[in-house]
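Whatever order the structure lists them in is the order used to number ligands and atoms, beginning at 1.
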Amino acid sequence: MAYTSSLPLPKHLLLPNRRSTRHRSSSSVSFIPAAAKASGVNGHAPEKPAPAPNGKPRINGVNGHKGVNGHINGKKGVSGHVNGHADRIHLSVSTGGGGSQDGSGLRVAFQGAPGAYSEFAAKTALPGCATVPCRAFADALAAVERGGADRAILPVESTMEGTALRNYDLLLRHDLVVAQEINLFVHYCLLAMPGVRAAEVRRVISHPMALAHCGRALARLGVDREPVEDTAGAVEMLRSNRMLDTAAIASPRAADLYGLDVLAHGLQDESWNVTRFLLLSRPAAAPAAPPANADAKTSMVVAHRGGSMAVLLKVLSAFSSRNINLTKLEVINNEGDGGDPAAAGAGARPPVMILDTSARGAPTLRAFPHVLYVDCAGAASDPRVREAIQEIEKFAVFVRVLGCYAADSTIYDLQ
Ligand SMILES: O=C(O)C(=O)C[C@]1(C(=O)O)C=C[C@@H](O)C=C1
């Protein structure tokens, strides 16, 4: 499993590949904001912060992280620095596509039933939006492509899981761009039908990620685990089937929404559990460039011929020579098989499929065994970022810019 870490702890910079598949490796450096962690005590989540000016609860991010290239991203936050840490407020983001600042008029597709974390993330990013439940993330993305929704929301990394490669795979197959990012604190609760006691629970159902994130607590409970489509879907299932020997892992909000009892709070193995979501849009309906007062971020995927170390150095040099900070770097390789899954044998992961929208005519899906996922500070229109991409294009097989949007280091706490 890939691992995502937060700065500024140097030991987090180079992390082992924990993915169990033999032929694909993935290693990442990725920076979900770490400010609140730094201010927490003994690994416990810090006290709940005052609500942000827009009424959303927030945990302040740090704007003083050291980046991969050692460059310090020391730009001023909206309210200035304290000891090098910026107390940032939520950046307002132009929603484009006819929506207003708070997203009213926009339909946001999410995976799961009402009450899923993805829906909360959408509603936090765009409080005025209408949410559209979908069975799977693929359906949410397809809804946007077909015009049935204006945005899709996709969890792409978490502090416990690292990069959600399954969702990057989806993103790359679609002609959609990143319009906005949002970080959400994920608190898991154990929910059961009213009156059911913890000792009566024999089985726990939830989204596979939620079950994985709560592995230790579930082992202590000694219960069976069963994966279902999403956390809120598990709660809905419990309710509609009046299951009395089963509990669900979901949010406290889902408990309210479906009228279930909360048997336990904070079930996750790590108290610090943040998920980063991306809001995706059709390219034509994406917001214009981020507002001038916002720090911009550009996401891209770089496909190359392999020989990762040399390529990696060249990519890093393209950015560091221009003093551009990286906020994410994920290396994906099919190892030892030249990228040929047939030669690699059973268990090999197929190459990454990326929709190439650059050519004239219909976009085509292309297969690449070696790719890098890169997020850098700065707008795609910034001459330094443009030049860095042009330099990378000289040695890469293919580069696709996935979006340029306002960087948001705020972590929202919906507890
Ligand atoms: O099932 C949900 O509630 C979701 O929004 C999905 C999802 C995920 O896919 O990672 C999102 C965040 C949580 O970590 C658990 C599950």
Side-chain angles (χ1 to χ4, degrees), residues 1-4 6 28 30 32 45 108-126 129 131-141 143 149 151-171 180-191 204-218 225-239 247-258 260 262 265-280 411-415:
M1 180 181 289
Y3 187 91
T4 299
S6 306
S28 68
S30 180
I32 289 178
V108 182
F110 69 98
Q111 172 188 277
Y117 290 98
S118 303
E119 186 189 36
F120 294 156
K123 277 290 199 185
T124 306
L126 299 169
C129 76
T131 49
V132 182
C134 297
R135 198 191 54 79
F137 285 119
D139 300 328
L141 271 60
R151 300 278 187 275
I153 188 147
L154 197 61
V156 288
E157 59 187 275
S158 75
T159 47
M160 288 184 70
E161 181 203 8
T163 297
L165 297 175
R166 59 199 156 102
N167 287 345
Y168 259 91
D169 284 349
L170 264 181
L171 163 60
Q180 197 171 338
E181 68 174 343
I182 179 155
N183 296 299
L184 196 70
F185 217 105
V186 173
H187 298 273
Y188 292 115
C189 293
L190 191 66
L191 313 183
V204 171
I205 57 175
S206 196
H207 185 278
M209 197 49 61
L211 292 173
H213 286 173
C214 303
R216 282 209 292 272
L218 294 178
R225 307 163 197 197
E226 240 173 70
V228 295
E229 299 272 356
D230 69 290
T231 59
V235 177
E236 201 176 41
M237 194 183 293
L238 214 65
R239 176 96 245 178
I249 296 175
S251 69
R253 293 230 176 156
D256 287 346
L257 209 58
Y258 295 89
L260 293 199
V262 177
H265 281 275
L267 222 61
Q268 62 270 15
D269 293 344
E270 305 268 344
S271 59
W272 183 257
N273 186 25
V274 177
T275 297
R276 176 174 176 243
F277 294 84
L278 298 178
L279 279 141
L280 308 175
I411 300 169
Y412 291 98
D413 186 352
L414 300 181
Q415 208 177 27

SG of C189 to CD of Q268, rounded to nearest 0.5 Å, is 8.5 Å

Any idea which protein heavy atom is nearest atom 6 (C) of ligand 1, and the distance to it?
S118 OG, 3.9 Å

For atom 10 (O) of ligand 1, find the nearest protein heavy atom and state the residue, atom name and distance (0.1 Å precision).
R166 NH2, 3.5 Å

Closest by any non-hydrogen atom to atom 3 (O) of ligand 1: pick that one out of D230, T231, V156.
T231

Numbering the atoms of ligand 1 from 1, which are under 4.0 Å from a heavy atom of F137?
9 (O)

Can you tell me the protein heavy atom closest to atom 12 (C) of ligand 1 and the distance?
Y117 CB, 3.9 Å

Of all the non-hydrogen atoms in the protein, which one sits nearest to atom 14 (O) of ligand 1, and at what distance?
Y188 OH, 2.8 Å

What one should report as the nearest heavy-atom pair of P155 and N167 is O-ND2, 2.7 Å

Short version for Q268: what comes under 4.0 Å of ligand 1, heavy atoms counted, is neither

State, to 0.1 Å, how close I153 and A122 come at their nearest heavy-atom pair, and which atoms those are.
CD1-N, 3.5 Å

Under 4.0 Å from one or more heavy atoms of P155, ligand 1 contributes atoms 8 (C), 9 (O)

Side-chain atoms of residues 227-236: list all donor-acceptor pairs with protein atoms under 3.5 Å, sequence neighbours left out, distances to 0.1 Å.
unit_1: E229; atom_1: OE2; unit_2: R135; atom_2: NH1; d: 3.2
unit_1: D230; atom_1: OD1; unit_2: G233; atom_2: N; d: 3.4
unit_1: D230; atom_1: OD2; unit_2: A113; atom_2: N; d: 3.0
unit_1: D230; atom_1: OD2; unit_2: A232; atom_2: N; d: 3.1
unit_1: D230; atom_1: OD2; unit_2: G233; atom_2: N; d: 2.8

Under a 4.0 angstrom heavy-atom cut-off, which atoms of ligand 1 come close to T275?
14 (O)

Taking only heavy atoms of M209 into account, list the atoms of ligand 1 that are under 4.0 Å away from them.
10 (O)

Exercise: identify the closest heavy-atom pair between A140 and C134
CA-SG, 3.6 Å

Which class fits the ring pair F185 and H187: parallel under 30°, tilted 30 to 60°, perpendicular over 60°?
parallel

Before accepting this row, confirm whether a basic side-chain N of the pair R253/E119 lies closer than 4.0 Å to the acidic partner's carboxylate O.
no

What pair of heavy atoms forms the shortest contact from F137 to L170, and how long is it?
CB-CD1, 3.5 Å

When you look for heavy atoms under 4.0 Å from ligand 1, do you find them on the side chain of F110, its backbone, both, or neither?
neither

Mark the output for S158 as yes if a heavy-atom distance to ligand 1 is under 4.0 Å, and as no if none is.
no

According to side chain to side chain donor-acceptor pair (under 3.5 Å), who are the partners of H213, at least two apart in sequence or on a separate chain?
Y188

In the protein, which heavy atom is nearest to atom 8 (C) of ligand 1, and how far is it?
H207 CE1, 3.6 Å

